[in-house]
Protein chains: 2
Amino acid sequence: MNDLGQAAVSAEKAPRTERGRRTVRKLLEAAAQEFGERGFHEAAITGITARAGVALGTFYTYFGSKEELFRALVRDMSDAVRAHVAEAVAGAPDRLAAERIGLAAFISFVRRHPELYRIIEEAQFVAEDVYREHYLTFVDGYGRNLAAARERGEISDGPDELRAWALIGMSVFLGMRYGIWKPDHTPEQVADMAIDLVSEGLRKR
Amino acid sequence: MNDLGQAAVSAEKAPRTERGRRTVRKLLEAAAQEFGERGFHEAAITGITARAGVALGTFYTYFGSKEELFRALVRDMSDAVRAHVAEAVAGAPDRLAAERIGLAAFISFVRRHPELYRIIEEAQFVAEDVYREHYLTFVDGYGRNLAAARERGEISDGPDELRAWALIGMSVFLGMRYGIWKPDHTPEQVADMAIDLVSEGLRKR
DNA sequence: ATGAAAGTTGAGTCAATGTTCATGTTGATT
DNA sequence: AATCAACATGAACATTGACTCAACTTTCAT
């Protein structure tokens, strides 16, 4: 699980006591729920504070605005997704195995946390800079892994960055279809089929 | 170009004269601009009518609500994208060539119409049913093409639907990165690189 | 114990904007 | 020229919800 509620709050508003930190954590968890269920614009601050069990004014003790909170959440979730995948992939014998494991981990994360997934994607229309940051960071790491594997001779030659974008796009859509819309296969089944496509290619041999 | 302004309006509100049809067309074009630049929630009806050069009340002569207009637009654009790609692909010698041509056509469409692209993606959070309809339709057609090519022996065996989702996801993200965010390669270059990945695979040979 | 800092409260303010509607205009038909 | 349905107008209405603030409570160092 990701630990909401540490780097999230801006300096002047950061809580100074244990009670304050508890409240911030409650607010962030409530916000993840509210934003996940209703989307950014439908979500109401009163909805968040009601879920958290605090008064409206308390929200503004710790956050400057609805959007500031949203940005903080997206950053936390971005970290959480990448950490989850990175942990799953650590120790994979080679890159093709890592691809399969990583994709399965991603889909199972999406399935367990559809809210987080929706929040990150909605950021494209609410806080585009944070959204770009998320994928640029993701692509950067992914591209390095591909480059390293390429240099070790584990995969064929090819453009690392473009491959990273292509593979991430694939994952995001497979996550939407097989993670959220209609989970009619296990994450492992989906990953096996997708990685077969990516490693063997469409060309007939 | 897509022709906005025909199936878009609901029956009782459809214009009956040439003047009315002109007004509807102006409203739809203005709406595409306004939604594209400001997003659904930031977009204001007064912004749309101002761009169209008509009074606020005129909007409600032809549309029941802001969301009804948005849905009509998304359907029009969905048709426009698919038509554009289908036309480009018609007459390709084989499936792998069709993939390359289709992807290049998609990216160049996105580059010429970033608004349309943004509007369809935002539909995920404004009118999810229309969004699903868009991709389900897209995947359906794509999957059929893959199945036919597979049966003709042009590509290797594999699951058509999952492949369609994977390839579409890839295209959407490549469209975002190389079509909108940073168009530092031509659509043809991007398509060549991506289709090389998809047809040859990552495995070293 | 006590004072001050941190935290909490929620009614009230305020701006934005989607939608309505009564009135006015246009243009084709007779 | 008269008629009328279609179309256009924009001020007014109504709702919504983010944000403020002055008063109150809790915590804790001295």
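We name chains A, B, ... by the order of the sequence lines, and we start the count at 1 in each one.
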Can we say B/Glu115 and B/Arg118 salt-bridge, meaning some charged N sits less than 4.0 Å from an Asp/Glu carboxylate O? no
Any side-chain donor-acceptor pair under 3.5 Å between A/Tyr135 and A/Gln124? no
Under 4.0 Å protein heavy-atom contacts per nucleotide of nucleotides 2-20 of chain C, with B for base, S for backbone only and - for none: ----SSBBBB------SBB
Nearest-Å distance for atom pair NZ/C1', residues B/Lys26 and D/dA8: 10 Å
Going by an N to O cut-off under 4.0 Å, is there a salt bridge joining B/Arg177 and A/Glu161? yes
Between A/Phe138 and A/His134, does the ring centroid distance fall short of 6.0 Å? yes
Between B/Arg51 and B/Glu29, is there a donor-acceptor pair closer than 3.5 Å when you use the side chain of the first and the backbone of the second? no
